[in-house]
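What follows is one structure encoded as structure tokens, with my remarks underneath.
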Amino acid sequence: MWSISDLNITSPLVIGPMAGITNGAFREVCYGFGAGLTYTEMTSDKAIYYGNKKTLDMLEIDDRFHPVALQLFGTDVESMVYAAKVMDHDTNCDIIDINMGCPVNKVIKTGAGSAMMKEEDRSVETIRKIVENVKKPVTVKMRLGFDKSHMNYLSLSKKLEEAGVSAIALHARTRSQMYEGHSDWSHIAILKKEMKIPVIGNGDVKSVEDFIQMKEETNCDAVMISRGVVGNPFLIKEINNYLSGKEDYRVSIEERFEGCLDHARKLIDLKGEKTGMREMRGLSPHYLSGLYMSSTYKNKMISMETYEDLRNILEEYHQILIQHERDS
């Protein structure tokens, strides 16, 4: 058990925000395996400010699955405060998270995401005003800095703590690294030693062993996993089994394929079969990673149109794997 402000969280396993992935369907999958906290896809302050329906729909949170952090990105003070107040008053989220870590160019060009780290004082004042105008806890997700020569995560985090931020999630890469190279967890350890508020470690956790190592090396309050659970939400159960002292949990092929189908069903419920299955074209191949002849069946998933297509592909592939096991 750990907490952000007055919010108690049962598991130190946090599922990070991923554009096009951490929608309600994926969050439901993750809660089913025991995630402690999940983040939504990042939402634009301007889109909320101007009432964009698609964005406002993204703010809807199922009452059955909590706690949830709504993530906000932007740079303009007026629209950021406005959007945060909408999240605070008009949604049932538990946390309002400010994105200061997104490295993609289209976000950086607007001055949002990791670009906010280049203007410490301006960004801190923006977040201070958000904290002053909402009741829910405000957290920040950031990187080490914009590049290796400007790693200001520590000074910035201290200012944000003073401004009233309730927790910091640190992705231990710079913006210039994007998602390449290795994250440097030593900086998470440094931040944890210096902060009074909770620190969530993020970067390159893809196994139970990675989770254990990050916790031991950094003493962080929680571990955020993002890409490591795409196609492998079973990792959440593996980690929780370790934390509770239960026997090792290793997912079977049948469970892996049923998990893929379950994800598809939830996405269809959320977005309809046409849109849901188009999104599953990119998501379902992750469920096959590392398996024998997986590339053949990943390629088949690229053109699938219906849930039945996915089910047939997995059934055919299952028979191939059974035969391969017999022959081995």
Side-chain angles (χ1 to χ4, degrees), residues 1-5 7-18 21-22 30 33-40 42 67-69 71 95 97-103 113-114 117 137-146 148 151-158 160-161 165-175 177-230 232-233 235-240 242-243:
M1 180 78 74
W2 63 293
S3 61
I4 293 177
S5 188
L7 178 67
N8 293 322
I9 303 171
T10 57
S11 170
L13 181 54
V14 176
I15 306 304
M18 292 176 281
I21 297 176
T22 49
C30 291
F33 285 105
L37 169 67
T38 67
Y39 285 54
T40 64
M42 63 180 185
V68 175
Q71 194 181 63
I95 295 167
D97 184 73
I98 309 302
N99 184 305
M100 295 181 69
C102 181
S114 294
M117 297 191 72
V138 175
T139 62
V140 171
K141 186 174 187 293
M142 67 170 68
R143 290 192 168 222
L144 298 179
F146 201 76
K148 191 175 181 180
M151 294 202 300
N152 59 331
Y153 70 94
L154 185 55
S155 61
L156 179 55
S157 293
K158 288 181 177 180
L160 290 170
E161 183 176 46
V165 164
S166 295
I168 300 286
L170 180 63
H171 182 160
R173 285 184 174 88
T174 63
R175 184 269 168 177
Q177 284 182 274
M178 300 295 285
Y179 298 100
E180 302 299 323
H182 297 288
S183 57
D184 187 346
W185 295 350
S186 67
H187 295 287
I188 299 171
I190 291 169
L191 187 63
K192 174 57 186 172
K193 286 180 181 178
E194 295 289 334
M195 304 300 286
K196 296 177 182 177
I197 59 176
V199 170
I200 303 168
N202 179 220
D204 295 338
V205 175
K206 299 177 181 178
S207 67
V208 176
E209 292 72 24
D210 292 339
F211 175 91
I212 296 168
Q213 186 177 352
M214 178 181 278
K215 285 285 288 178
E216 290 180 346
E217 289 185 7
T218 71
N219 197 35
C220 59
D221 297 275
V223 173
M224 177 182 285
I225 306 179
S226 300
R227 291 174 294 165
V229 292
V230 178
N232 188 27
L235 176 59
I236 301 168
K237 185 172 181 178
E238 291 178 23
I239 291 172
N240 280 323
Y242 161 77
L243 291 171

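For the pair M117 and F146, the minimum side-chain heavy-atom distance is 4.5 Å or more. Looking at heavy atoms from C-beta onward, L243 lies in side-chain contact with F211 at the 4.5 angstrom threshold. Using a 4.5 Å heavy-atom cutoff, the side chains of M224 and P17 are in contact.
Contact record, V14 with A222: CG2-CB, 3.9 Å, taken as the closest heavy-atom pair. Considering every non-hydrogen atom in both I236 and G34, the closest pair reads CG2-C, 3.7 Å. Summarising the geometry of W185 relative to A172, their closest heavy-atom pair is N-CB, 4.3 Å, with the distance given to 0.1 Å. Residues S114 and G101 share a closest heavy-atom pair of OG-O, 2.8 Å. Of all heavy-atom pairs between C102 and M42, the closest is SG-CE, 3.6 Å. Heavy-atom minimum distance, I200 versus V223: CG2-C, 4.2 Å.
Contacts of A167 classified as side-chain contact (heavy atoms from CB on, under 4.5 Å), with partners at least two apart in sequence or in another chain: I4, T139, P198. The side-chain contact (heavy atoms from CB on, under 4.5 Å) search around M195 returns S157, K158, E161, I168, L191, I197, V199, not counting sequence neighbours. With sequence neighbours excluded, the residues satisfying side-chain hydrogen bond (donor to acceptor under 3.5 Å, both in side chains) with N152 are E120. Annotation: side-chain hydrogen bond (donor to acceptor under 3.5 Å, both in side chains) contacts of Y39 (sequence neighbours excluded): none. Here T10 pairs with nothing under the side-chain hydrogen bond (donor to acceptor under 3.5 Å, both in side chains) rule; sequence neighbours left out.
Judged purely by atom type and a 3.5 angstrom limit, R143 uses its side chain to pair as donor or acceptor with the backbone of M178. For the pair W2 (side chain) and N8 (backbone), a donor-acceptor distance under 3.5 Å is absent. Not a single donor-acceptor pair under 3.5 Å links the side chain of D97 to the backbone N or O of A69. A distance-only check finds a donor-acceptor pair linking the side chain of T40 to the backbone of Q71 [under 3.5 Å].
Atom CD1 in I9 sits 5.0 Å away from atom CD1 in I95 (nearest 0.5 Å).
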Take H171 and Y179 through the test side chain to side chain contact (heavy atoms under 4.5 Å, CB included) and record every step on the way to the result. CA-CA 10 Å; H171 182 160; Y179 298 100; 4.0 Å; yes

Does M142 form a side chain to side chain contact (heavy atoms under 4.5 Å, CB included) with L170? I'd like the steps, not just the answer. CA-CA 5 Å; M142 67 170 68; L170 180 63; 3.9 Å; yes

Begin from the C-alpha positions of E238 and V208 and carry the test side chain to side chain contact (heavy atoms under 4.5 Å, CB included) through to its verdict. CA-CA 7 Å; E238 291 178 23; V208 176; 3.5 Å; yes

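For residues 199-220, the salt bridge (Lys or Arg N to Asp or Glu O under 4.0 Å) pairs, not counting sequence neighbours, are R173-D204.
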